[in-house]
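First up is the structure itself, then whatever we jot down about it.
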Amino acid sequence: MPKQNTEIADIFDRYAALLEMQDANVFRVRAYRDAARTLRGLSKSVAAMLDEGADLTELSHIGDELQKKIQTILETGHLPQLDKLGKSIPPELADLEALPGLGPKRVMALYQALKIDSLQDLLDAAQAGRIRELSGFGEKTEKKLLEEAQRRAQFLKRFELAAAEQMAAPLLDYLRDVKGMKKVIIAGSYRRRRATVGDLDILVTATKGAPVMDRFVRYEDIGEVVSQGGTRSTVRLQSGLQVDLRVVPEVSYGAALHYFTGSKAHNIATRTIAVKKGLKLNEYGLYKSNERVAGRTEQDVYAALGLAYIEPELREDRGEIEAAQRGRLPGLIELKDIRGDLHAHTKATDGQNTIEEMAEAASKRGYSYLAISDHTQHVTIAQGLDAKGFAAHIEAIESANEKAEGIRLLKAAEVDILEDGSLDLPDSILKQLDLTVCAVHYQFDLTSAQQTERIIRAMDNPYFNILAHPTGRLMGKREPYPVDMERLMKAALERGCFLEINAQPARLDLSDEHARMAKDMGLKLAIATDAHSADTLGYMRFGVDQARRGWVEPADVLNTRSWSDLKALLKRS
DNA sequence: GCCGTTTTCGGCCCGACTGTTTTCAGTCG
């Protein structure tokens, strides 16, 4: 069974982590991580590419050596060098390294001196006061490590974007009250709209830094002040979310925003371009020797580097630099392009509002259509409707549609895909619907081959339109079920089916990388909220964010179209 | 280990903060 790109990327990342602990050349370590990122961003499996005789060294960050290693992994399922290194260094050390304050050097020092290779070992050693005795460590470091080790079990490592927004809003309001404050903005992965964020990076411009810092560390929701300096401070909120605050002068705003937005890989790539032009880029500006040539706005910085402006969502070093050099950046979709929602629930099953209330809320959002897509019988936990129930429900939607003003209600269903790949409603009902949103709700534990077969069989049904939440992931709770996404997308293309970007903050499924894969394959997507209440129709923007991260343009999305155009697209010949 | 209108060898982004140092390594973003 050929390995997926992500599995090969995982192997490279693991190998990089172990190499790093061995004090290997840092650029060699980086080379493996760069290659891993390239692999994760590909829309085609390297196994298939090699079968077709492609030369992988044409991909960025992959040279002769790594192409050979990829071939070895595909042939044997292993990277011999990793297996060998894993014998002298326990692979578990890579997990310890994820702890704040622990990097490769210290992890290795702890392992060599005290045989620490697990969180429990670390806790024991810290409590016994053995860490402070090591050279390079001290009392404070030991205390911090103990706290971090204890905290790890207590808090989630990353927060959903929507949750981070809720914590950020009051903090920003609080900071705006400082005298001399000019701009306040959240940069980092939050600004790049990643599905989850590990911390908040707040950038502030002000005439003086000290008053900002003083107020920042006195915010009432703070659990702990991690560090405090004149231009940079870090705190942890009571929720466990870490917040960094950075103060820069107004003339550096653009350069600082660029630097603080990242990603790290994007920053390295842009700084490398600067170096090649004989310039230096840091958070204070773009410099030619000691003269600042750009920095007030991000646009200035990009322009001075010979690049078109790159939207934050694209800044992952996944090809956006080259696209910007050639003027081939995508025209990303925006929330205002969305003309309707294609997945919503009502009181008929597990929603909180009536059809009429949902229609009114959608109309207020300026939509011209809303699909009412309640659950089918097999999803008992959501009080799914059987064929008889659905017949009555369809009449209710039709009746509501006649009364609704300014919005069209689409007769739809979230049809459960049964284990044998059949659909959970008879064709006699399915054919009465305007569209179907089909999804897996049970049996997540099939093999990738079985799950893929199951879904493709479902797509064979001529009434199958959109595959909803295609991997079933729930952030922090449930891993995506294994499925061959490339095959699934190919099957959808061949049959005139589509995939959904589910906009629920805990789902965001398809992921950004899979959205990019669909875009590259020419497969159109629905962006839909799966709203269970009138309010949560507002989740649409999170779905749009992930689509943007996947380079998706308005034409790539079903529900940027009028109903008549959409209807024509949904029709399967 | 990758990469090339400076180079097939010699580079590889840049700065802030902390703690343990006595001039700086480690970590982080």
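Just so it is clear: chains get the letters A, B, ... in the order the sequence lines come, proteins before strands, and each one is counted from 1. Bear in mind that the values here come from a model prediction, so they are computed numbers and not experimental data.
Listed by first and then second residue, the side chain to side chain donor-acceptor pair (under 3.5 Å) pairs that reach into residues 274-283 of chain A are R246(A)-E283(A), sequence neighbours excluded. For residues 165-195 of chain A, the ring pair (Phe, Tyr, Trp, His ring centres under 6.0 Å) pairs, not counting sequence neighbours, are Y174(A)-Y219(A). Applying the salt bridge (Lys or Arg N to Asp or Glu O under 4.0 Å) test to pairs two or more places apart or on separate chains, those with a residue in residues 102-114 of chain A are D23(A)-K105(A). Pairs engaging residues 197-214 of chain A under the side chain to side chain donor-acceptor pair (under 3.5 Å) rule: T205(A)-E250(A) [sequence neighbours left out].
Residues meeting the side chain to side chain contact (heavy atoms under 4.5 Å, CB included) test with R541(A), sequence neighbours left out: E165(A), R193(A), L335(A). Every residue meeting the side chain to side chain contact (heavy atoms under 4.5 Å, CB included) condition with K264(A), not counting sequence neighbours, appears here in chain and number order: I268(A). Checked against side chain to side chain contact (heavy atoms under 4.5 Å, CB included), D51(A) has no partners two or more places apart in sequence or in another chain.
Ion pair D509(A)/R473(A) not flagged as a salt bridge, since none of the NZ, NE, NH1 or NH2 atoms sits closer than 4.0 Å to an Asp/Glu carboxylate oxygen.
Residues from residues 11-20 of chain A that place a heavy atom under 4.0 Å from any atom of DNA chain B: there are none. Near DNA chain B, defined here as any heavy-atom distance below 4.0 Å, there are no residues from residues 302-320 of chain A.
Contacts of L66(A) with the nucleic acid, taken as non-hydrogen atoms under 4.0 Å apart, involve only primed sugar atoms and P, OP1 or OP2. Residue R30(A) is classed as a base contact, given a heavy-atom separation below 4.0 Å to a base.
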Which atom pairs, donor and acceptor, lie under 3.5 Å between side-chain atoms of residues 61-68 of chain A and protein residues at least two apart or in another chain?
from, atom 1, to, atom 2, distance (Å)
E65(A), OE2, K69(A), NZ, 2.9
Q67(A), OE1, L56(A), N, 2.7

Tell me which donor-acceptor pairs under 3.5 Å the side chains of residues 125-138 of chain A have, and how far apart each pair is, sequence neighbours excluded?
from, atom 1, to, atom 2, distance (Å)
R132(A), NE, E142(A), OE1, 2.9
R132(A), NH2, E142(A), OE1, 2.9

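If you walk DNA chain B from 5' to 3' and mark each nucleotide with an atom closer than 4.0 Å to a heavy atom of chain A, the marks span dG1(B) to dG29(B).
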